[in-house]
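Some notes on the structure that comes next.
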Amino acid sequence: MIAVKVNSVKKTFKAEKSVVTALQQINFEVSKGELFGLIGPDGAGKTTLFRILTTLMLADEGAASVDGFDVVRDYKEIRKRVGYMPGRFSLYQDLTVEENLSFFATLFNTSLEENYDLVKAIYQQIEPFKKRRAGALSGGMKQKLALSCALIHRPSVLFLDEPTTGVDAVSRKEFWELLRDLQKHQITIIVSTPYMDEASLCDRVALMQNGKIMEINSPKGITENFKKPLWAVRGENMYQLMQTLQASEAIDSCYPFGQYHHVTFTHAIPDSQVASELAKIASVVEVKRIPATIEDCFMELMRQ
Amino acid sequence: MKENFAISVRELTKRFNDFTAVNAITFDVKQGEIFGFLGANGAGKTTAMRMLCGLSFPTSGQAMVAGYDLYQDAEKIKKSIGYMSQKFSLYEDLTIRENIRFYGGIYGLSDHEIKTKTETLVHQLHLEEQLNKLVKSLPLGWKQKLSFSVAMIHQPKIVFLDEPTGGVDPVTRREFWTLIYEAASKGTTVFVTTHYMDEAEYCDRVSIMVDGRIDALDTPLELKRKFNAPSMEEVFVQLARKAKRAE
Amino acid sequence: MKQFLFFIQKEFYHLLRDKRTLFILFGMPVVQIVIFGFALTNEVKNSRIAILDQSKDEATASIIQQLEASQYFDIEKNLQSEADIEPAFREGKIKLVVVFPSQFQSTLLHTNTAPIQLIADATDPNVANTLTNYASAIILDYQNNIRGNQDFPYTIETEMRMLYNPQMKGSYNFVPGVMAMVLMLVCAMMTSISIVREKEIGTMEVILVSPMVPLRVVIAKMVPYLLLSMINIGSILVLSVFALDVPIQGSLLLLVFECFLFTITSLALGLFISSVTNSQQTAMLISLMGMFLPTIMFSGFMFPVENMPLPLQVISNVVPAKWFYYIVKAVMIKGLGFFSIWKETLILAGMTTVLMLISIKKFKTRLE
């Protein structure tokens with residue numbers, strides 16, 4: 001069953017003297033119960049897409065539906081059944097955790113008790129602080145509270161706009177564990193993030209850049225589509241190594257990735273000769289063949 | 001404290017009422033080093049960084065920044081450091097030229113210096129055509145690169161970068177780090193916080209704060225060996241999971 | 001309904017937890033009444049006056065001496081003719097001129113009555129009023145003294161002339177003015193800020209994407225400020241009756257009803273502001289410059305509308321506070337009933353309805 005369907009959606013904004021295209025020809029479908037990721041940097045158009053799907057904005061062209069309801073015509077129906085956590089969402093800082101929750105519960109004509117099984121896992125983590133004002137919570141806790149608030153009415157589709165931006169690696173990990181957990185309840189989740197490494201945690205992802213979807217696939221499908229052999233290279237002086245490699249004709253791309261540089265060659269070279277080829281260009285300590293990550297794929301797509 | 005350290009911190013502490021945000025941290029940062037300052041949300045990174053920039057007074061402890069004492073010469077410290085954060089960087093409603101002019105002005109550069117600086121900076125970032133456009137019309141990645149260059153306009157001894165690459169696309173993120181490398185190779189000390197763990201690997205040394213204390217400080221290679229972890233992310237998770245501080 | 005009530009409860013949480021704002025909202029009316037009531041109508045001492053004595057006899061000399069002796073007046077100069085009066089005022093130092101007609105004493109003795117003219121500079125109505133009252137008291141005093149040894153009572157008729165502001169607006173009229181100001185500030189500014197704040201922190205997006213009807217959101221936002229305003233009206237009335245001795249001449253019920261109406265007007269204005277702004281700063285600026293200032297300028301409370309150039313008088317008609325000010329003055333000070341103010345009430349109600357309709361229509365169910 002299709003939970004979200006987007007068909008040729010286009011959106012432009014008028015800026016001073018010019019028209020900015022926020023979204024161009026967006027097409028995709030999300031099945032019920034899927035965890036779908038919109039991966040892309042700030043300004044890729046993720047938030048605009050979310051606002052169109054949550055009926056907060058009208059597209060210039062194209063159509064979209066959520067749970068079978070048209071986002072323009074049936075917006076009232078959609079508003080009853082989606083959960084939404086906007087990007088800059090910061091809850092009511094001057095209300096306590098408990099008050100925030102019950103406010104959002106009543107907003108959707110429900111109560112914490114009614115859907116307790118759904119939010120239980122998350123709520124238990126924030127329950128010790130339920131009398132605390134939301135403004136006094138740490139970043140990770142705020143995200144969890146916001147997620148509980150978005151879930152409290154048992155939405156059939158959950159839209160999370162950059163829930164992990166600015167959150168540390170540990171809290172991010174925990175947050176994604178919570179999302180995977182939610183799939184048991186057959187909730188469709190659409191989540192956006194600028195962190196490429198989070199893509200591998202989704203069922204399927206759309207890589208977005210400049211208002212376009214560059215590719216839609218499962219994380220595995222995307223990384224398998226990386227055509228060229230990819231090599232991780234380490235040297236004594238990493239910065240110098242990068243400059244030398246980037247300047248070389250034989251090297252197609254060289255990007256730093258943590259302690260290694262990820263390198264592709266302009267022309268195909270047999271695996272056995274790679275080490276010696278590299279040695280001709282620069283002094284290298286370690287070379288190994290590696291599978292591509294989502295980030296490699298994203299950068300490759302950006303180059304095209 | 002030795003002179004050749006850009007930053008030298010001894011038992012630096014900051015308390016807010018009965019809450020100890022930064023708990024007696026001690027570390028040195030060498031000149032020209034890229035120093036990664038990591039920690040979970042709420043571990044005390046921002047508070048520590050504010051003290052080092054002279055924006056907030058420590059409760060106790062000693063610190064020398066750029067050769068000046070934190071208590072006596074906070075104003076001199078401000079002149080010898082650059083600061084850039086993800087949240088505040090440039091004025092969106094001013095043009096690129098006006099922003100550079102403004103920041104050059106507050107650091108006391110002469111008109112001539114500002115002019116030559118503007119030229120080299122704009123050339124370096126390939127912004128010639130955008131020079132008279134409003135900053136808000138630039139893509140985020142360019143803004144961040146520009147804002148870094150502006151933070152470096154007065155050739156500070158140390159530059160503090162607070163999550164400089166949040167939300168930036170992967171290519172621009174790497175271009176940004178190229179700027180950092182260049183600055184460091186010219187002798188500027190770079191003090192940087194980030195949530196991208198692969199970026200931690202680019203640093204010469206990394207410190208990880210947990211509950212207001214520095215729990216680990218070493219080169220990325222050495223840290224991974226010590227914690228028997230394949231990546232910095234793993235090191236970070238191992239340490240941050242130990243955090244007891246109620247969030 | 002439960003949804004709606006909880007929304008209102010939430011608004012009260014916001015309101016009650018922001019102690020500083022709350023203090024200002026409740027403290028402001030009290031402070032304003034006190035400032036206007038006591039500071040501005042304080043006793044006037046050593047005011048400079050001029051005398052035009054066209055009689056120069058025993059009686060006038062005696063009155064002048066008593067004026068001179070009082071702590072309220074300093075005689076700055078003696079004028080020679082009526083033509084000197086206007087220039088004397090224009091210099092700006094003189095606040096009051098006492099004019100004795102020729103043959104004052106003989107007129108008084110022969111006809112038992114004589115006039116004295118008090119001409120005051122009424123650009124500052126409070127001062128003018130106080131000064132003429134003091135002068136009249138001194139003249140009355142003299143009249144009573146000479147009466148003691150005569151069979152027939154003498155009457156000196158003090159004739160007062162207020163220059164520049166003949167209607168003598170001011171005195172106690174600030175109470176309705178303060179009411180208009182406070183209601184404008186509390187309702188228009190606070191409502192707009194509280195709605196715009198939700199836009200800023202992003203909660204408005206979530207509320208819009210909920211089944212809650214936008215109209216209810218708006219009404220729930222208004223209720224706390226409506227209540228707060230009624231409390232403020234209460235405290236202003238109590239203060240003015242018991243501390244300033246400004247009695248409520250007309251019907252209290254009618255007065256409260258009119259205040260309620262104007263509160264709704266202000267709330268509608270606040271809602272309107274919030275629908276055209278996206279930041280708290282802009283909302284505050286618009287409320288202050290666009291709502292608060294016209295209230296002060298055009299309601300007639302600080303500056304008499306009748307003396308303004310015609311275009312400004314026309315503009316003043318679209319300021320709701322003008323009508324409210326008129327109504328409250330009529331009910332509270334003059335003691336008039338509903339039949340004397342139904343037209344103004346109707347105008348105010350009309351304005352409110354139009355504003356409310358526009359704002360609700362403009363209150364978007366979507367962003368952008």
Side-chain angles (χ1 to χ4, degrees), chain A residues 11 13-14 22 47-48 50-60 66 71-72 75-96 98-111 133-135 146 149-150 152-153 155 157-159 161-162, chain C residues 1-25 190 193-221 223-225 228 275 278-280 362-368:
Chain A
K11 178 79 188 173
F13 291 108
K14 282 191 194 75
T47 301
T48 310
F50 271 133
R51 287 184 171 165
I52 289 173
L53 289 175
T54 52
T55 75
L56 284 170
M57 238 176 217
L58 299 175
D60 298 346
V66 175
V71 289
V72 182
Y75 76 95
K76 283 192 179 148
E77 271 310 307
I78 294 179
R79 288 182 183 192
K80 279 185 203 152
R81 53 188 74 224
V82 300
Y84 176 40
M85 187 170 149
R88 47 177 189 164
F89 186 48
S90 53
L91 301 155
Y92 295 106
Q93 308 285 319
D94 54 345
L95 298 191
T96 64
E98 213 173 17
E99 286 161 356
N100 265 298
L101 267 171
S102 38
F103 172 71
F104 286 102
T106 36
L107 198 60
F108 288 93
N109 281 319
T110 180
S111 64
R133 302 252 169 110
C149 289
I152 199 135
H153 59 295
V157 185
L158 184 61
F159 293 95
D161 192 5
E162 297 208 3
Chain C
M1 199 55 200
K2 185 185 153 218
Q3 198 187 22
F4 180 65
L5 289 178
F6 200 86
F7 206 116
I8 295 176
Q9 187 191 7
K10 182 212 101 188
E11 291 307 314
F12 272 108
Y13 284 150
H14 289 317
L15 193 65
L16 297 176
R17 283 181 190 168
D18 190 356
K19 293 276 177 326
R20 230 169 295 172
T21 310
L22 196 66
F23 180 74
I24 291 173
L25 289 181
M190 295 313 293
I193 286 178
S194 87
I195 295 178
V196 172
R197 183 167 48 213
E198 301 232 11
K199 287 194 197 175
E200 273 188 7
I201 62 173
T203 40
M204 192 52 99
E205 282 180 52
V206 179
I207 292 172
L208 286 179
V209 183
S210 79
M212 181 121 176
V213 185
L215 182 67
R216 288 203 183 163
V217 177
V218 169
I219 296 172
K221 282 261 158 204
V223 170
Y225 296 103
L228 187 70
S275 65
N278 281 316
S279 81
Q280 293 185 54
K362 274 196 83 91
F363 187 86
K364 295 165 194 124
T365 51
R366 295 178 204 277
L367 298 171
E368 83 196 0

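A, B, ... follow the sequence lines: proteins, then strands. Residue 1 opens every chain. Because only heavy atoms are used, hydrogens play no part in the values below, and waters and symmetry mates are left out as well, while side chains stay in.
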* Asked: Looking at C/Glu198, C/Arg17, C/Arg197, C/Arg216, which has the largest count of heavy-atom pairs under 4.5 Å with chain A?
  -> C/Arg17
What part of [X] lies closer than 4.5 angstrom to a heavy atom of chain C: side chain, backbone, both or neither?
{"X": "A/Lys80", "value": "both"}
{"X": "A/Arg81", "value": "neither"}
{"X": "A/Phe159", "value": "neither"}

* Ring-face cation contact, C/Phe7 with C/Lys10, 6.0 Å cut, 45° max ->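 Geometry flag: set, cation within 6.0 Å and 45°.
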* For chain C, which of A/Ile78, A/Thr54, A/Asp94, A/Asn109 has the most heavy-atom pairs under 4.5 Å? ->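 Max contact count across the listed options: A/Asp94.
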* To do: May I ask you to name which of A/Lys76, A/Glu99, A/His153 has the most heavy-atom pairs under 4.5 Å with chain C?
  => A/Glu99
* **Part of C/Ile207 lying under 4.5 Å from any heavy atom of chain A** =>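 Contact with chain A is through both the backbone and side chain of C/Ile207.
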* Under 4.5 Å heavy-atom distance to chain A, tell me which part of C/Gln9 shows up: side chain, backbone, both or neither. => neither
* **Nearest heavy-atom neighbours spanning C/Glu11 and C/Pro224** => CB-CG, 3.4 Å
* **Check ion pair A/Glu98-A/Arg133 (N to O, under 4.0 angstrom)** =>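 Salt bridge: no.
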* Are the side chains of A/Leu158 and A/Met85 in touch, meaning some heavy atoms are under 4.5 Å apart? ->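 Side-chain contact under 4.5 Å: no.
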* Mind checking whether C/Ile195 and C/Met204 have side chains closer than 4.5 Å, heavy atoms only? -> yes
* A/Tyr92 backbone acceptor or donor facing A/Asn100 side chain under 3.5 Å ->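 Present.
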